[in-house]
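Everything below concerns the one structure shown next.
Order of the sequence lines sets the chain letters (A, B, ...), proteins ahead of strands, with each chain counted from 1.
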2 protein chains.
Amino acid sequence: MTATVIVLRDKKGNRRAEGAKTLIEYAYQRLRRDILGGALPPGGKLRIEHLRGRYEIGSSTLREALTLLVADALVVSEGQRGFRVAPISLEDLQDVTRMRKMMECLALRDSIERGDDQWEAGILAAHHRLSRIEERLSDGAEAMAESWENRNDLFHKALISACTSRRILHFRDILYHQSERYRRFSLMSGPGGRDIHGEHRAIMDATLARDAAVACRLVEEHMDKTLAAMAPLLAAAP
Amino acid sequence: MTATVIVLRDKKGNRRAEGAKTLIEYAYQRLRRDILGGALPPGGKLRIEHLRGRYEIGSSTLREALTLLVADALVVSEGQRGFRVAPISLEDLQDVTRMRKMMECLALRDSIERGDDQWEAGILAAHHRLSRIEERLSDGAEAMAESWENRNDLFHKALISACTSRRILHFRDILYHQSERYRRFSLMSGPGGRDIHGEHRAIMDATLARDAAVACRLVEEHMDKTLAAMAPLLAAAP
DNA sequence: GTCAAGAAAAATATCGATATTTTTTGAAAC
DNA sequence: GTTTCAAAAAATATCGATATTTTTCTTGAC
């Protein structure tokens, strides 16, 4: 345990770990954060030699982290011509959203069918935690944004936590990560007259009432609204 | 072009390439074939040192190929404890089949909605090629099995080739590969009184008639029957 | 006889060096 | 001016050696 931490410091004693158990994982996380945050621009070339210096990590290790990101479709591998940050586009966002809607609904239907008391309790708890931060968010504290993202994610995860298909959940996760790249456009656009809190409440109510048809429709609308808010920004500066 | 071929022979002149452009790809393909064929048993440990000798390939290269297979869910990575062939189980097969049914139907609905003349022609052509080999298959020529697999795959691909979502097709491909591992159980079970040819014909007819509801139902039944044929074998010897 | 601790062995993760490929540059011919 | 070819430069892919971790085996105490 403690040994792990020691290992992840290099000879000069610089700390590297941030919860990563492996150097590959560390490289993977940093790379991912830089891609999602836009520091590594969409479509840009990922020069291994350059990144090697930036992250202080061996080239092979970097390659493996890059390979992992290819599976997430955040990076594309071009035969023998190295790696590149996956490009973004309105078309791509529409495709992600379309798939996310499907996966989310599949998972939600399954959860509504099978969920037990504990599942219901989890939803209520996650919604409460989200509500509390939304109250404070109106103060305009930007620092809360990340925390809100996190609780928002946990709320949506709670809704579908009774789904029994490992694969549905896995695909849903992948798609969520892919959509994360577009999220900063969403933040730019601001609330835009939406009542997100109300949407969440309605989704929760329909879910707890075991009304799959309504819950799915609400979730789809929820996602469509987010897409609609981002679309114009994406069309302008891609 | 020719240079590539030369490179993929090792110093002793042994040929390595089989359409692989990269050593990683070569390792990936061989590994995959050995996993699908059962030479590397489900749940078994993948000792890098051992495989290194078997495929005559460096350890780092092997690791990257293994990482690629993790994305396909054919291999699982266990933290810092190496790699392992993903285990198989009836439960897993049921999950794969469930997802495949969903993906296939999503893709089929989209194709039926958008398909043009060329799409229709492609389906007819693929069905014809499949029919011809099915006629000869009744002779009991085992050697044809692989060829039948191939044409069967192409027929199902043709049905959904008008689908516009890159991601639906991508997920479908991944799931198809995952189900491939179970196919040898299907071969063991034999035809089992099924009229596969008739099923294919019915699916094609409904699709070309643009009847999405019927086509999807038939596809789901088609897959369920395959699952049903495999299930008892899998329960017996997992 | 069982359990625990520590040492030895095996396996994995990481790295930087080398071989190979792709891209860029520059000069000559048209 | 632009096209072609070859050499140089840059970048990538591959490898085997080394560092680290996990597992196995041995020894000794209870």
Side-chain angles (χ1 to χ4, degrees), chain A residues 1-17 19-31 40 43-70 75-85, chain B residues 1-17 19-31 40 43-70 75-85:
Chain A
M1 292 254 169
T2 41
T4 306
V5 176
I6 290 167
V7 167
L8 288 171
R9 294 167 182 271
D10 61 23
K11 287 105 193 177
K12 290 159 225 137
N14 298 323
R15 57 203 142 85
R16 281 188 176 168
K21 288 186 183 69
T22 272
L23 266 187
I24 292 178
E25 211 171 315
Y26 164 78
Y28 170 79
Q29 286 174 8
R30 282 210 54 182
L31 237 9
L40 296 169
K45 194 115 188 41
L46 291 164
R47 260 168 257 275
I48 292 192
E49 277 309 305
H50 174 240
L51 296 170
R52 211 175 94 82
R54 176 168 180 162
Y55 299 138
E56 297 182 0
I57 275 189
S59 50
S60 302
T61 308
L62 215 31
R63 280 183 61 80
E64 282 196 53
L66 253 4
T67 305
L68 248 21
L69 287 163
V70 169
V75 165
V76 291
S77 161
E78 304 177 289
Q80 272 162 311
R81 258 160 294 179
F83 299 88
R84 194 173 277 280
V85 180
Chain B
M1 291 252 172
T2 41
T4 307
V5 175
I6 290 167
V7 168
L8 289 171
R9 295 167 182 271
D10 62 21
K11 286 105 194 177
K12 291 159 224 139
N14 299 322
R15 55 202 143 87
R16 279 188 175 168
K21 288 186 182 67
T22 273
L23 266 187
I24 292 177
E25 211 172 314
Y26 164 79
Y28 171 79
Q29 286 174 7
R30 283 210 56 180
L31 237 10
L40 296 168
K45 195 116 187 38
L46 291 165
R47 260 169 257 276
I48 291 191
E49 277 308 305
H50 174 241
L51 296 170
R52 212 175 93 82
R54 176 169 180 163
Y55 299 138
E56 297 183 357
I57 275 189
S59 51
S60 302
T61 308
L62 215 31
R63 279 183 63 79
E64 282 196 51
L66 253 6
T67 305
L68 248 20
L69 286 163
V70 169
V75 165
V76 292
S77 161
E78 303 178 290
Q80 270 160 311
R81 260 158 295 179
F83 299 88
R84 194 174 278 279
V85 180

Pull out every protein N or O sitting under 3.5 Å from an N or O of nucleotides 6-11 of chain C, one pair per line with the distance.
none

Could you state the [atom1]-[atom2] distance from [X] to [N], rounded to the nearest angstrom?
| X | N | atom1 | atom2 | answer |
| --- | --- | --- | --- | --- |
| Glu78(A) | dT22(C) | CD | C1' | 12 Å |
| Arg52(B) | dT12(C) | CZ | P | 12 Å |
| Glu64(B) | dC15(D) | CD | P | 11 Å |
| Leu62(B) | dT14(D) | CG | P | 12 Å |
| Tyr26(A) | dC15(C) | OH | P | 11 Å |

### Query
Any side-chain heavy atom of Val70(A) within less than 4.5 Å of one from Leu68(B)?
no
### Task
For residues Tyr26(A) and Leu23(A), determine if any side-chain heavy atom of one lies less than 4.5 Å from a side-chain heavy atom of the other.
yes
### Task
Could you check Ser77(B) against Ser60(A) and say which one's nearest nucleotide on DNA chain C is further toward the 5' end?
Ser77(B)
Considering only side-chain heavy atoms of [X], which listed nucleotide, [options], is closest?
| X | options | result |
| --- | --- | --- |
| Gln80(A) | dG16(C), dT14(C), dA13(D) | dA13(D) |
| Thr22(A) | dT14(D), dA13(C), dC15(C) | dA13(C) |
| Ser59(B) | dA13(C), dT12(D), dG16(D) | dG16(D) |

### Message
If the condition is side chain to side chain donor-acceptor pair (under 3.5 Å), which residues does Arg47(B) pass it with, not counting sequence neighbours?
### Response
none
### Non-neighbouring partners of Arg81(A) that pass side-chain contact (heavy atoms from CB on, under 4.5 Å), sequence neighbours left out
Glu78(A)
### Task
Identify, with sequence neighbours excluded, every residue that meets side-chain contact (heavy atoms from CB on, under 4.5 Å) alongside Leu46(A).
Leu40(A), Leu51(A), Leu66(A), Val75(A), Phe83(A), Val85(A)
### Query
Closest nucleotide of DNA chain D for Ile24(B) versus for Arg81(B): which of these residues is on the 5' side?
Ile24(B)
#### Entry: Side chain Thr61(B) and base dC15(D) donor-acceptor under 3.5 Å
no
### Message
With side chain to side chain contact (heavy atoms under 4.5 Å, CB included) as the criterion, how do Ile24(B) and Arg63(A) come out once you've worked through the C-alpha distance, each side chain's angles and the decisive distance to 0.1 Å?
### Response
CA-CA 12 Å; Ile24(B) 292 177; Arg63(A) 280 183 61 80; 3.4 Å; yes
#### Entry: Heavy-atom pair with the smallest gap, counting every atom of Arg52(B) and Ile57(B)
CG-O, 2.8 Å
